[in-house]
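Computation of the quantities below employed the complete heavy-atom set of this structure, encompassing side-chain atoms and omitting hydrogens, waters and symmetry-equivalent molecules. Here, residue 1 is the first one in the sequence, and each next residue gets the next number. Whatever order the structure lists them in is the order used to number ligands and atoms, beginning at 1.
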Amino acid sequence: MDFGAQLRSAIKAGRKRRAAWVRLLDTTRLFRTGEGRARLCTRLVHRQRVHQTAPDTWEERYPELFDRAAQLMPNARRILSFGCSTGEELISLRRRFGAAEIIGAEINSRSRRVAVRRLASDLQASVVKPTAVSGEFDVIFALAVLQRGPHWVDEAGVDDLSAHYPFAKFDQMVRELVGHLRAGGLLCTMHTHYLVEQSSAAPQLESLSDSPPMCGPFFGPDNRRLATQSAPSIYRKR
Ligand SMILES: C[S@@+](CC[C@H](N)C(=O)[O-])C[C@H]1O[C@@H](n2cnc3c(N)ncnc32)[C@H](O)[C@@H]1O
């Protein structure tokens, strides 16, 4: 094995063990780009509130989910995209919800600025800090946000998420989001570490079994890995 391959495999093994030197290396890498620095800054400043810190997103990322939500709620008037990153999700939603007021909430100030620029010509769309979200919504999307470092969780075969992203953090956020849904409104989720139906907001929700499936791994309220591999992605508030 050449030196490069040896180094890559040492890094992979170190990442699995969460070795301090690999964490330092990963943090140093983030310093090299504006996006990485913004991510680090978000982690530091919003330590308590931030969920997934990676800003990865693209247009039409979940077409089946967007289409199903639009079929279920064609006349939605107010939509929240929680964790909208740089705004591509809002553009995908605008294609399906032509007349709705669409609000993107984003905690990372750099991503928020990019999203504001991207949506500048859409007078019915806005991008705000999560603390500025107010009122009730017909549909809330929380996509690839209620999680933390899923690739690492997979690669390292993590069995207990308590130290990394505890159930309580997920649970509190789901409750907050459900609090912003009107009765009959839809909560759409994708890529979550935990199951919405195991959250304390579950009694207020009914899962739509014909919604596009969301894939695991999933963890339980005790933060331990579950055998469940699939869950509905859309929930209706009773
Ligand atoms: C992986 S991106 C997902 C973007 C988009 N929803 C998608 O699925 O393509 C996750 C985003 O959630 C944001 N985020 C994390 N915690 C947040 C919070 N408490 N409030 C608002 N945004 C948050 C991150 O800054 C990041 O931009």
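For ligand 1, the atoms closer than 4.0 angstrom to any heavy atom of H51 are 15 (C), 16 (N), 19 (N). Of all atoms in ligand 1, listed by their number and element, those nearer than 4.0 Å to a heavy atom of S85 are 4 (C), 27 (O). Taking a cut-off of under 4.0 Å to the non-hydrogen atoms of R49, the atoms of ligand 1 that pass are 19 (N). Set against the non-hydrogen atoms of N108, the atoms of ligand 1 under 4.0 Å away are 25 (O). Short contacts between ligand 1 and V50, defined as distances under 4.0 Å to a heavy atom of the residue, involve ligand atoms 15 (C), 16 (N). Against a heavy-atom cut-off of under 4.0 Å, I107 is close to the following atoms of ligand 1: 14 (N), 15 (C), 16 (N), 17 (C), 18 (C), 19 (N), 20 (N), 21 (C), 22 (N), 23 (C), 25 (O).
Proximity of D56 to ligand 1 is established by a heavy-atom distance of less than 4.0 Å. Within the 4.0 Å heavy-atom cutoff, F141 does not count among the residues contacting ligand 1. Assignment of S111 to the shell around ligand 1 is not supported, since no heavy atom sits closer than 4.0 Å.
In terms of modelled atom types and a separation under 3.5 Å, the side chain of R15 and the main chain of A156 share no donor-acceptor contact. Judged by distance alone, with hydrogens and angles left aside, the side-chain atoms of Q52 form a donor-acceptor pair with the main-chain N or O of G149 at under 3.5 Å. Within the 3.5 Å criterion, the main-chain N or O of L25 finds no donor-acceptor partner in the side chain of R29.
Scanning the protein for heavy atoms near atom 9 (O) of ligand 1, the closest one is T57 OG1, 2.5 Å. Protein heavy atom nearest atom 2 (S) of ligand 1, with residue, atom name and distance: A54 O, 3.2 Å. Among protein heavy atoms, atom 8 (O) of ligand 1 sits closest to Y62 OH, 2.7 Å. If you check which protein heavy atom lies closest to atom 15 (C) of ligand 1, you get Q52 O, 3.0 Å. With respect to atom 27 (O) of ligand 1, the closest heavy atom belonging to the protein is E106 OE1, 2.9 Å. Protein heavy atom in closest approach to atom 18 (C) of ligand 1: F82 CZ, 3.6 Å. Among protein heavy atoms, the minimum distance from atom 5 (C) of ligand 1 is reached at E89 OE1, 3.0 Å.
Residue T42 has no nitrogen or oxygen atom sitting less than 3.5 Å from a nitrogen or oxygen atom of ligand 1, judged on distance alone. Residue T53 has no nitrogen or oxygen atom sitting less than 3.5 Å from a nitrogen or oxygen atom of ligand 1, judged on distance alone. Backbone and side-chain nitrogen or oxygen atoms of G83 are examined, and one is located within less than 3.5 angstrom of a nitrogen or oxygen of ligand 1. Considering backbone and side-chain N/O atoms, L143 comes within less than 3.5 Å of an N/O atom of ligand 1.
Linking ILVMFWY side-chain heavy atoms closer than 4.5 Å, directly or via other members, places L143 and L195 in a single hydrophobic cluster.
Closest approach of T42 and V50 over heavy atoms only: CG2-CG2, 3.9 Å. Looking at every heavy atom in both residues, Q147 comes nearest to A144 through NE2-O, 3.3 Å. The nearest pair of heavy atoms linking R68 to I234 is CG-CD1, 3.8 Å.
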With side chain to side chain contact (heavy atoms under 4.5 Å, CB included) as the criterion, how do L119 and R94 come out once you've worked through the C-alpha distance, each side chain's angles and the decisive distance to 0.1 Å? CA-CA 10 Å; L119 274 299; R94 173 58 74 219; over 6 Å; no

Walk me through it: do E136 and R78 pass the test salt bridge (Lys or Arg N to Asp or Glu O under 4.0 Å)? CA-CA 8 Å; E136 287 199 330; R78 220 164 166 248; over 6 Å; no

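The aromatic rings of F170 and F167 sit tilted, their planes meeting at an angle between 30° and 60°.
Looking at L187, L181, L208, L205 one by one, the single match for side chain to side chain contact (heavy atoms under 4.5 Å, CB included) with R236 turns out to be L208.
Inspection of the S207 and E197 side chains reveals no N or O donor paired with an N or O acceptor under 3.5 Å.
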